[in-house]
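All remarks here apply to the structure that follows.
One-based numbering along the sequence shown.
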Amino acid sequence: QVQLVESGGGLVQAGGSLRLSCAASGRTFSSYNMGWFRQAPGKEHEFIALITWSSGSAYYADSVKGRFTISRDGAKNTVYLQMNSLKPEDTAVYFCAAKGGYGRNTYWDEYDYWGQGTQVTVSS
């Protein structure tokens with residue numbers, strides 16, 4: 001079965017960086033969009049970024065544009081989220097998700113598979 005396993009979260013000071021990883025297994029993701037979402041306490045899932053696996057084309061939410069970079073490594077079947085210039089408001093649980101097909105998929109419910117999440121805490 002499909003598994004998405006996130007790692008790389010932790011505690012970091014404001015202005016610092018983290019790189020999240022999402023190891024994908026269970027099928028071929030060449031025709032998938034891979035997305036990152038986050039959820040802060042008491043809030044809905046927020047779209048962060050997506051990448052089209054086949055082309056590497058990326059799309060970002062305005063809140064992270066210029067600070068976060070999404071990428072993928074086909075050989076490792078892994079998607080990454082490099083987060084720089086972190087702010088306290090970036091504190092959340094970060095989730096990886098996979099959506100079959102193409103398009104600008106920015107809603108949590110559009111996706112087919114989700115990981116368990118990894119906590120990111122940014123201290124001021």
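Side-chain atoms of Asp112 come within 3.5 Å of backbone atoms of Gly100 as a donor-acceptor pair (strictly under, hydrogens ignored). Arg38 contributes no side-chain N or O that, together with a main-chain N or O of Ala92, makes up a donor-acceptor pair within less than 3.5 Å. Remark: side-chain polar atoms of Gln119 are not paired, donor with acceptor, to backbone N or O of Gly9 under 3.5 angstrom. Of the possible donor and acceptor atoms, none in the side chain of Thr28 sits under 3.5 Å from a partner among the backbone N and O of Ser30. Formation of a donor-acceptor pair under 3.5 Å by the Thr91 side chain with backbone atoms of Val122 is found in this model.
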### Message
Pair Phe68, Ile48 - check side chain to side chain contact (heavy atoms under 4.5 Å, CB included), show working.
### Response
CA-CA 9 Å; Phe68 291 10; Ile48 297 302; 3.7 Å; yes

### Stepwise side-chain hydrogen bond (donor to acceptor under 3.5 Å, both in side chains) test for Asp73 and Thr78
CA-CA 5 Å; Asp73 184 331; Thr78 299; over 6 Å; no

### Task
List the steps, then state whether side chain to side chain contact (heavy atoms under 4.5 Å, CB included) holds for Ser21 with Glu6.
CA-CA 5 Å; Ser21 299; Glu6 303 94 337; over 6 Å; no

### Message
Could you walk me through whether Phe95 and Trp108 satisfy the ring-ring contact (aromatic ring centres under 6.0 Å, His included) test, starting with their C-alpha distance in whole Å, then the side-chain angles of each, then the deciding distance to 0.1 Å, before giving a yes or no?
### Response
CA-CA 10 Å; Phe95 298 88; Trp108 176 259; 5.3 Å; yes

#### Entry: side chain to side chain contact (heavy atoms under 4.5 Å, CB included) between Phe29 and Arg27, worked out
CA-CA 6 Å; Phe29 291 93; Arg27 66 163 302 126; 3.6 Å; yes

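Between Ala14 and Ser124, the shortest heavy-atom contact is CB-CA, 4.4 Å. In terms of heavy-atom proximity, Ala97 sits nearest to Trp114 at CB-CD1, 3.8 Å. In this structure, Ser85 and Arg67 approach most closely via the heavy-atom pair O-NH1, 3.0 Å.
There is a path of hydrophobic side-chain contacts, each under 4.5 Å, that joins Phe47 to Val93. By the rule that hydrophobic residues join a cluster once side-chain heavy atoms approach within less than 4.5 Å of another member, Leu20 and Leu4 end up as members of one cluster. Linking Ile, Leu, Val, Met, Phe, Trp and Tyr residues whenever their side-chain heavy atoms come within less than 4.5 Å places Val79 and Tyr60 in a single cluster. Both Val64 and Val120 are part of a single hydrophobic cluster, where members link through side-chain heavy atoms under 4.5 Å apart.
No side-chain N or O of Arg19 forms a donor-acceptor pair with one of Tyr80 less than 3.5 Å apart. The closest side-chain donor-acceptor pair between Glu46 and Ser63 falls under 3.5 angstrom.
The pair Lys99-Glu110 does not meet the salt-bridge criterion, since no charged nitrogen lies less than 4.0 angstrom from a carboxylate oxygen. Salt bridge status for Lys65 with Asp62: present, with a side-chain N to carboxylate O gap under 4.0 Å.
In this structure, the separation between OG1 on Thr106 and CZ on Phe37 is 7.0 Å, given to the nearest 0.5 Å. The structure places CG of Leu50 at 4.5 Å from OH of Tyr111, a figure rounded to the nearest 0.5 Å. Considering CG of Leu81 and CG of Leu18, their distance stands at 9.5 Å, rounded to 0.5 Å. Atoms CZ and CE, from Arg72 and Met34 in turn, are 11.0 Å apart once rounded to the nearest 0.5 Å. For the atom pair Asp90 CG and Thr121 OG1, the distance stands at 11.0 Å (nearest 0.5 Å). For the atom pair Tyr94 OH and Ser7 OG, the distance stands at 15.0 Å (nearest 0.5 Å).
Atom OH of Tyr107 sits in a sparse spot, with 12 or fewer heavy atoms from other residues, nucleotides or ligands closer than 6.0 Å.
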